[in-house]
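First the structure, in the form of structure tokens, and then the observations on it.
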Amino acid sequence: MSAFASLPLDPLRIVLDAGAGTLTPEGPLLTRRMSDMTGAFADTAAWRQAQAAGDPVVYTVASSPVPEENRELPQSITTIYPGDCGGELYMTKGHQHPDAQGEIYLGLSGVGGLLMFDGERSHWIDMAPGVIGYIPPGWAHRSVNVGAEPYRFLAVYPGCAGHDYDWVLRNGMGRRAMRAADGYELVPFGSSS
Ligand SMILES: [Fe+2]
């Protein structure tokens with residue numbers, strides 16, 4: 001056991017409720033409202049207007065008790081609500097892993113997209129229940145709700161990975177997902193139409 005800076009958890013049985021979006025036993029619950037999304041949406045006027053009009057919840061992240069520590073393998077369920085801000089579909093802030101580690105997302109309910117960007121190339125994966133999106137090391141990632149119901153997915157990632165949100169603010173995500181007549185369309189990141 002001397003190889004561990006802190007002792008790992010004991011084996012753990014965790015119950016996933018896809019309908020409720022919970023992991024039991026439960027860990028921290030993160031709630032991201034519109035006011036937490038500084039710099040994310042292209043249309044800043046619409047973003048301010050949404051804050052003034054009730055500051056809606058854009059997404060939540062419910063974690064299991066497995067800690068974000070080296071060698072551990074934390075899990076979380078993200079629920080992105082349906083909606084858009086100035087036509088840009090509700091999404092997560094997006095992040096890069098400071099410690100370049102892979103991650104998997106498993107679609108649980110609703111339909112969404114997994115947008116990835118490595119600084120040069122962007123990649124989009126259509127997500128639905130049962131679909132695994134694999135995020136390779138070095139790719140920033142953001143999830144988008146492209147449907148009319150909440151989009152929910154399970155994430156499993158190395159505890160050492162970390163979350164660098166500023167990377168996305170500095171580098172963008174390559175493309176944006178905008179509401180369109182037939183669902184959504186992906187546009188160049190610098191464009192909002
Ligand atoms: Fe991640």
Side-chain angles (χ1 to χ4, degrees), residues 12 14-69 72-98 103-116 127-129 133 135 140-169 172-173 176-179 184:
L12 196 57
I14 300 167
V15 176
L16 183 157
D17 186 330
T22 56
L23 294 168
T24 305
E26 63 185 13
L29 174 65
L30 185 68
T31 300
R32 299 282 197 206
R33 292 182 177 277
M34 197 58 82
S35 55
D36 299 311
M37 301 290 288
T38 304
F41 293 104
D43 188 337
T44 53
W47 173 64
R48 289 196 185 89
Q49 190 174 25
Q51 291 176 70
D55 196 17
V57 174
V58 179
Y59 66 98
T60 61
V61 185
S63 300
S64 82
V66 177
E68 292 184 336
E69 293 180 7
E72 298 282 5
L73 202 57
Q75 319 95 40
S76 60
I77 293 179
T78 299
T79 301
I80 308 175
Y81 292 94
D84 70 81
C85 179
E88 189 169 4
L89 291 164
Y90 276 14
M91 60 189 181
T92 61
K93 293 174 70 169
H95 63 268
Q96 180 66 284
H97 294 159
E103 179 167 8
I104 60 167
Y105 286 176
L106 169 65
L108 297 176
S109 64
V111 288
L114 168 52
L115 176 62
M116 291 174 273
M127 295 292 294
I135 303 160
H141 36 291
R142 158 177 285 169
S143 291
V144 183
N145 186 340
V146 303
E149 306 295 328
Y151 164 53
R152 180 168 288 151
F153 63 93
L154 173 75
V156 184
Y157 56 99
C160 63
H163 298 81
D164 183 354
Y165 300 102
D166 287 341
W167 190 96
V168 172
L169 297 179
M173 285 299 298
R176 294 184 183 276
M178 308 299 295
R179 192 179 292 288
Y184 70 93

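Remember, predicted model here, so these are calculated numbers, not experimental data. Quick note: residue numbers are just sequence positions, from 1.
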Say you draw a straight line from CZ of Arg152 to OG1 of Thr78; how long is it, rounded to the nearest 0.5 Å?
10.0 Å

Any side-chain donor paired with an acceptor under 3.5 Å for Thr92 and Arg142?
no

Quick one: pull up OG1 in Thr31 and OH in Tyr59 and give me the separation to the nearest 0.5 Å.
10.5 Å

May I have the step-by-step check of side-chain contact (heavy atoms from CB on, under 4.5 Å) for Glu88 and Asp43, ending in yes or no?
CA-CA 8 Å; Glu88 189 169 4; Asp43 188 337; over 6 Å; no

Would you name the heavy atoms of Pro25 and Leu12 that are closest together and state the gap between them?
CG-CD1, 4.4 Å

To check you understand the geometry: which heavy-atom pair defines the closest contact between Leu114 and Gly133, and what is its length?
CD2-CA, 3.9 Å

Heavy-atom pair with the smallest gap, counting every atom of Met37 and Val58
CG-CG2, 4.3 Å

Closest approach of Pro56 to Ala53 (non-hydrogen atoms, all atoms of both residues):
CD-O, 4.4 Å

Are any non-hydrogen side-chain atoms of Ile80 and Val144 less than 4.5 angstrom apart?
no

Looking only at non-hydrogen atoms, find the nearest pair between Thr79 and Pro150 and report the distance.
CG2-CB, 3.9 Å

I'd like to know if the side chain of Asn145 reaches the main chain of Glu149, judged simply by a donor and an acceptor atom lying under 3.5 Å from each other, with no hydrogens or angles considered.
yes

Atom OH of Tyr105 and atom CZ of Phe153: how far apart are they, to the nearest 0.5 Å?
4.5 Å

Going through the checks in order, is the side-chain contact (heavy atoms from CB on, under 4.5 Å) test met by His163 and Glu68?
CA-CA 10 Å; His163 298 81; Glu68 292 184 336; 3.1 Å; yes

Which heavy-atom pair separates Pro74 from Tyr157 by the least distance, and what is that distance?
CD-O, 2.8 Å

Could you label the plane-to-plane angle of the Phe41 and Tyr90 rings as parallel, tilted or perpendicular, counting under 30° as parallel and over 60° as perpendicular?
tilted

Please confirm whether the backbone N or O of Cys85 pairs with a side-chain atom of Trp47, one donor and one acceptor, at under 3.5 Å?
no

Just wondering, do Thr60 and Tyr81 contact through their side chains at under 4.5 Å, heavy atoms?
yes

Would you check, one step at a time, whether the test side-chain contact (heavy atoms from CB on, under 4.5 Å) holds for Gln75 with Leu154?
CA-CA 7 Å; Gln75 319 95 40; Leu154 173 75; 4.1 Å; yes

